[in-house]
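These notes are about the structure you will find just below.
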Amino acid sequence: MKKLILILCAFAAASLSFADDGGSYKPEDWAYGNIYVEKPNEKIALERELLIVDQLEGDVEARFDFKNTTKEKVIVPCAFPVVITLPFFVHKNDGSVSTFVSFNARPRLKIWEILLQKKVENYHPGSSKKETYGGNISKDEVFALDKKLRTISCKEYLSELLRYGENDPTLNPCVIELDGKSVPVQTVGIETSLVQDYKSPFKFFDYEEDDYNHDDVYAVKLVLHFYHELSFKPSSSSMLTVRYKTETAKHDYRRTRYQFQYDISTGGTWKSGAINEFLVLTNSKMTSYNSKTQFVQSRIPCDGLYYAKNYMPQKNEYFEFYHSYGGDDSTSFYVEDCFGDEKKQPFVKNVRASSFLSGSYKIAGKMDHNHWEHLEFNLNENLRDSDYKPETSFDGNYFNGWVEGAKGDGIGEWIEFTLDSYTFGPFATNGLRRFAGHRYAHPEPKGYGSYYDFEWSECGEEYSVLARAGGVGETWISNNRVKSMKLLDSNKTTKAILNFADLFPEYENHWTNDRISMNAVKNPLFLGKGTYRMQIESVYKGKKWDDTVLGEVWFVEIDDETGKFLENDKDGFFLAPLNKRLEAYVSREMKYAENEMRSAEEYMRSIKDGNYGY
């Protein structure tokens with residue numbers, strides 16, 4: 001997780017009637033109170049905007065779809081502002097200044113050094129020198145920052161970032177691209193003003209205020225204006241992308257809460273009128289303030305989704321993003337419903353396949369949410385019967401699945417289904433799970449521990465089916481697993497090539513404790529309503545048999561209004577980055593699962609070698 005500091009950042013993007021970054025005629029004309037253009041540019045219209053706020057990675061990305069409404073080339077001078085609020089304390093007893101708000105204050109000190117143009121001393125509270133951060137900052141020099149503006153070249157600014165030690169990437173100029181080409185930042189304006197009686201959005205002290213006598217709380221509002229020029233082709237649409245790193249505030253030293261503000265109210269650059277479509281993707285909860293717009297809210301597996309049509313930003317409007325791990329106020333998007341109830345998804349219908357293996361076999365008994373890995377569900381008396389039909393991949397049971405019935409590896413065999421809802425997916429387990437328990441575990445022989453040895457003959461008659469199968473995970477590795485499948489729509493048009501990880505569907509394989517940890521599909525995507533076919537393209541070879549097995553398949557359902565909005569995104573302006581974030585999300589979860597599988601394998605190997613797991 002990121003360092004424990006307090007920097008509330010705001011990324012300016014729109015105005016009362018206009019949208020996006022603040023404009024400037026010339027950087028040398030900047031003066032306090034006159035930073036942006038006096039009137040909008042009536043030649044360039046902002047038609048769509050996508051804002052991505054990823055607090056967990058400290059990334060902000062804004063994408064803008066502009067249209068030049070004239071038949072001439074238009075060059076627009078702009079200044080993209082980033083706002084940083086720096087709280088500080090003036091001690092009543094001696095008038096000294098403290099910038100201490102957390103244990104890890106180094107990035108804050110770097111900002112103070114740029115503002116004050118000197119090295120700022122770093123003392124830890126409780127040390128023998130002085131119980132404060134910023135021990136050599138005086139009240140007079142901090143108060144002198146009120147209503148100040150300094151402009152320097154981007155080259156000079158980058159040099160200043162390195163002048164007093166290691167650079168902090170959160171202060172680097174924005175990365176700006178127009179139609180895929182880099183737009184250089186030419187000049188940087190460093191504007192400061194003082195905020196009296198500053199009130200933090202939430203508690204940001206590491207200690208109680210009485211311990212430090214922090215009676216007077218102030219803040220320096222720093223605005224970094226990154227000046228650049230945008231060149232728009234005649235009668236053409238252009239896509240602008242702006243990215244930057246940010247540090248967000250935490251509630252306590254455990255680093256479990258994040259908060260971030262995005263100022264949407266400044267600017268005044270573009271053609272008057274509302275933004276046709278505005279979408280926010282965030283792994284946090286978003287609340288809008290001073291807005292006249294009611295955002296439609298939805299949820300996808302990795303993010304919260306907020307969108308509006310004909311969006312008109314208002315004066316003093318801003319967004320607040322909040323993320324918390326655990327507790328009653330948790331806003332984590334990593335938790336999904338698990339398979340405990342083995343419920344079918346009612347919007348999945350008309351399941352059929354080109355072939356399936358005949359016959360039946362035994363699988364683990366039905367379990368509850370709290371006992372997923374208990375081996376007693378593999379007792380003969382608890383086992384259930386299952387077949388290999390395609391419906392078994394959509395029954396909510398992750399112990400069985402569709403097994404194709406063709407000769408060989410089943411290349412070209414397919415399973416088909418109809419979706420009555422808009423969804424993201426498919427997600428799926430891979431291979432035939434069959435039994436409960438960890439892949440490398442087995443039932444405990446009488447008088448021994450659960451992981452004593454690998455002699456299944458000692459497991460007892462009550463586990464005879466499991467013993468004959470060779471143990472948990474043996475059926476899985478003996479059969480083919482899916483490596484890739486072609487996803488086709490009802491017109492037999494290829495929507496995607498779905499790539500699968502060769503991942504044993506281990507439940508509770510890390511702290512998320514949800515079924516996404518068992519997903520093997522690397523690239524799920526947005527799917528509209530309709531009929532789809534998943535066709536086997538390649539396989540991971542089984543140790544004994546060439547039957548290819550697809551495990552449980554599921555989807556994340558979204559509401560109709562959001563689904564229609566995304567379905568109409570024909571050029572992928574919103575969907576392309578959304579699907580990319582979804583891929584990154586499942587990739588991260590797969591790494592957790594793979595690490596857990598590797599740890600379990602090493603653990604069982606140590607037991608086999610006589611180390612008993614130590």
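Just so it is clear, the structure is predicted and the values come from calculations on it, not from any experiment.
The two residues Glu42 and Thr69 have their closest heavy-atom pair at O-OG1, 3.9 Å. In terms of heavy atoms, Val553 sits closest to Ala428 at CG2-CB, 4.0 Å. The two atoms that bring Val586 and Glu583 nearest to each other are CG2-O, 3.2 Å, heavy atoms only. Between Gly189 and Thr151, the closest heavy-atom pair is CA-CG2, 4.1 Å. The minimum heavy-atom distance between Leu115 and Leu145, with the atom names listed, is O-CD2, 3.9 Å. Residues Pro524 and Pro426 share a closest heavy-atom pair of CB-O, 3.6 Å.
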Any chance you could lay out the ring-ring contact (aromatic ring centres under 6.0 Å, His included) test for Tyr306 and Phe278, step after step, and finish with the verdict?
CA-CA 8 Å; Tyr306 301 80; Phe278 181 80; over 10 Å; no

What do the steps show when you test Phe574 against Arg63 for side chain to side chain contact (heavy atoms under 4.5 Å, CB included), and what is the final call?
CA-CA 9 Å; Phe574 298 113; Arg63 292 161 57 97; over 6 Å; no

Side chain to side chain contact (heavy atoms under 4.5 Å, CB included) between Phe424 and Leu527, worked out
CA-CA 6 Å; Phe424 284 95; Leu527 296 174; over 6 Å; no

Side chain to side chain contact (heavy atoms under 4.5 Å, CB included) between Trp112 and Val142, intermediate numbers included:
CA-CA 9 Å; Trp112 282 106; Val142 174; 4.1 Å; yes

Step-by-step side-chain hydrogen bond (donor to acceptor under 3.5 Å, both in side chains) determination, Ser236 to Asn68
CA-CA 5 Å; Ser236 300; Asn68 185 347; over 6 Å; no

If you apply the rule side chain to side chain contact (heavy atoms under 4.5 Å, CB included), what do you find for Thr187 with Ser153, and how did you get there?
CA-CA 4 Å; Thr187 308; Ser153 69; 5.6 Å; no

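Taking the ring centre of Phe64 as origin, the terminal cationic atom of Arg48 falls outside the region bounded by 6.0 Å and 45° from the ring axis. For the pair Lys139 and Phe143, the distance from NZ or CZ to the six-membered ring centre is under 6.0 Å and the angle to the ring normal is within 45 degrees.
Paired with Asp54 under the rule salt bridge (Lys or Arg N to Asp or Glu O under 4.0 Å), one option of Arg243, Lys580, Lys245, Arg581 passes, and it is Arg581.
Between Glu191 and Arg150 there is no salt bridge, since none of the side-chain N atoms of the basic residue sits less than 4.0 Å from a carboxylate O of the acidic one.
Two residues are said to be in side-chain contact when any heavy atoms from C-beta on lie closer than 4.5 Å; Phe321 and Val280 meet this criterion. By the 4.5 Å heavy-atom criterion applied to side chains, Ile558 and Thr423 are not counted as neighbours. The shortest side-chain heavy-atom distance between Ile190 and Ile152 falls under the 4.5 Å cut-off. At least one side-chain heavy atom of Leu161 sits less than 4.5 Å from a side-chain heavy atom of Ile114. At a threshold of 4.5 Å between non-hydrogen side-chain atoms, the residues Pro577 and Ile52 count as touching. Using a 4.5 Å heavy-atom threshold, the side chains of Ser231 and Lys73 count as touching. Side-chain contact between Phe417 and Lys349 is absent, with no heavy atoms from C-beta onward closer than 4.5 Å. Residues Asn310 and Thr293 are not in side-chain contact: their nearest non-hydrogen atoms beyond the backbone lie 4.5 Å or more apart.
Counting only N and O atoms by type, the side chains of Glu317 and Ser291 include a donor and acceptor under 3.5 Å apart. Side chains of Asp146 and Ser193: a donor-acceptor N/O pair is absent below 3.5 angstrom, by distance only. A donor and an acceptor atom, one from each side chain of Asp303 and Thr282, are nowhere located under 3.5 Å apart. With hydrogens and angles left out, the side-chain atoms of Gln55 and Ser284 include a donor and acceptor closer than 3.5 Å. Remark: the Ser421 side chain and the Glu557 side chain contain an N/O donor-acceptor pair separated by less than 3.5 Å. No hydrogens or angles considered: a donor-acceptor pair under 3.5 Å links the side chains of Thr418 and Thr531.
No donor-acceptor distance shorter than 3.5 angstrom exists from the side chain of Thr562 to the backbone of Ser298, with no hydrogens or angles considered. Thr494 places no side-chain N or O within donor-acceptor distance of the main-chain N or O of Ala496, the cut-off being under 3.5 Å. Checking side-chain atoms of Gln314 against main-chain N and O of Met312 turns up a donor-acceptor pair under 3.5 Å.
Distance check, rounded to the nearest 0.5 Å: CG of Leu575 to CG of Asp569 gives 4.5 Å. Between His228 atom NE2 and Ser182 atom OG the span is 11.0 Å, to the nearest 0.5 Å. A distance of 9.0 Å separates CD in Glu277 from CG in Asp65, rounded to the nearest 0.5 Å. Separating the CG atom in Asn568 from the NZ atom in Lys309 is a distance of 6.5 Å, to the nearest 0.5 Å. For the atom pair CD of Glu72 and OG of Ser235, the computed distance is 9.5 Å after rounding to the nearest 0.5 Å. Summarising the geometry, atom CG belonging to Asn172 is positioned 8.0 Å from atom CZ belonging to Phe226; distances are rounded to the nearest 0.5 Å.
If you look at Phe319 and Phe295, their ring centroids are closer than 6.0 Å. Between Phe555 and Phe427, the gap from one ring centroid to the other reaches at least 6.0 Å.
Between Tyr318 and Tyr289, the ring-plane angle classifies as parallel under the 30° and 60° cut-offs. By the 30° and 60° cut-offs, the orientation of the rings of Tyr422 relative to Phe526 is parallel.
The number of heavy-atom neighbours closer than 6.0 Å to NZ of Lys529, taken from other residues, nucleotides and ligands shown, is above 12.
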